[in-house]
Structures are given as structure tokens and as C-alpha cells.
> 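Supplied in C-alpha cells, the structure appears directly below.
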Amino acid sequence: MLKVTSISFKYHQKKPVLEGFNFFLPQGEHLCIMGESGCGKSTLLKVIYGLLDVDEGSLFWNDTQILGPKFHLIPGMKFFKYVAQDFELMPFTSVSDNIAHFLS
């Protein structure tokens, strides 16, 4: 179960990318995140994975609070996997090889 409660995030002192964002994803459910370029989809996924610290709010995976790099020497949550959409992908390998690289 993923619970996201009133999270807010901004890069530097600019306008917030995420502001008061909430959702609850029960076990076995799926969620689709859609929107135009620059609307915060990747930022939301990075926050959920623990690569970014939220300015406000909380995130929980079951009973475990998801915390960002201020709280972890190595950012990211061991029970999630994050596959980037661009520069971190290896263009010379297949889609399954790219995903397998991050699952190892």
C-alpha cells in the first residue's frame, strides 16, 4: 500500500512542482500518471522512490515512511526500483536488459 499525504516539493525557491499532492494506492491496484512535459510526473516518481526530499507532507509504503537523501546515505528505497526515462538508459541494449540492470 502506498499512501502519499499532502506532499509538496520545489526545486530551489521557485514555484512548487508538487503542492498538496495526495493519493492512496491499495495493494494490488495500479496507478497511471499522465500529463504534459514539465508537469511534475518524473519529480513525483523521484520523491516516491526517495531520491528527493519533500518540503511538506509524508509518504508511506505500508508502515515504512519513505524518506529522501537527507535521511539515507544511499538514496532510494530497497523495496522499489526506479528506471529513468532518459539519460540513464543504455541505448545499445534491449528494454528488458535496461530494466534488468536496475533490478540486479
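Just so we're clear, the structure is a prediction, and the values are computed from it rather than from any experiment.
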> Are any of the side-chain heavy atoms of L59 and K3 separated by less than 4.5 Å?
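Sidechains of K3 and L59: no contact.
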> side-chain contact (heavy atoms from CB on, under 4.5 Å) between F24 and L2: does it pass, once the steps are laid out?
CA-CA 6 Å; F24 175 75; L2 178 61; over 6 Å; no
> Please report the shortest heavy-atom distance between S8 and G20, naming the atom on each side.
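Shortest heavy-atom separation between S8 and G20 comes out as OG-N, 3.1 Å.
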> Kindly give the heavy-atom pair with the smallest separation between F60 and I66, and that separation in Å.
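Between these two residues, the closest heavy atoms are C-CD1, 4.3 Å.
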> Within this structure, what is the OG1-NZ distance for the pair T43 and K10, rounded to the nearest 0.5 Å?
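One finds 14.0 Å between OG1 of T43 and NZ of K10.
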> Whether the side chain of K41 engages the backbone of G35 through a donor-acceptor N/O pair (distance < 3.5 Å, no angle test) should be reported.
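A pair under 3.5 Å: yes.
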> Using a cut-off of 6.0 Å, state whether more than 12 heavy atoms not belonging to I74 lie near its atom CD1.
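Result for CD1/I74: open.
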> When you measure from the side chain of S6 to the backbone of G57, do you find a donor-acceptor pair of N or O atoms at a distance under 3.5 Å?
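Flag not set: sc S6 to bb G57 has no pair under 3.5 Å.
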> Grouping I, L, V, M, F, W and Y whenever their side-chain heavy atoms are under 4.5 Å apart, do V17 and I33 come out in a common cluster?
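Looking at the clustering, I33 is in the same group as V17.
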> Would you kindly confirm whether W61 and L67 end up in one hydrophobic cluster when ILVMFWY residues are joined by side chain heavy atoms under 4.5 Å apart?
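No; L67 is not reachable from W61 via cluster members.
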> Should we say atom NZ of K46 is surrounded by more than 12 heavy atoms from elsewhere, each under 6.0 Å from it?
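No, the 6.0 Å shell around NZ holds no more than 12 heavy atoms from other groups.
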> Under a 3.5 Å distance rule, please check whether N22 uses its side chain to pair with a backbone N or O of I7 as donor and acceptor.
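It does not hold such a pair.
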> Which pair of heavy atoms, one from G50 and one from P69, lies closest together, and at what distance?
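So the two residues come closest at O-CD, 3.5 Å.
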> To check you understand the geometry: which heavy-atom pair defines the closest contact between L31 and F23, and what is its length?
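L31 and F23 have their closest heavy atoms at CD2-CE1, 3.6 Å.
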> For residues F9 and D53, report the shortest heavy-atom separation together with the two atoms involved.
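Looking at all heavy atoms of both residues, the shortest contact is CD1-O, 3.1 Å.
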> Do you reckon L18 sits in the same ILVMFWY cluster as L25, going by side-chain contacts under 4.5 Å, direct or chained?
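L18 clusters together with L25.
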> Just verifying a value: how many Å separate K70 NZ and L52 CG, rounded to the nearest 0.5 Å?
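Interatomic distance, K70 NZ to L52 CG, rounded to 0.5 Å: 11.0 Å.
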> Would you give the length of the straight line joining atom OG of S42 to atom CG of L51, rounded to the nearest 0.5 angstrom?
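Reported to 0.5 Å precision, the distance equals 11.0 Å.
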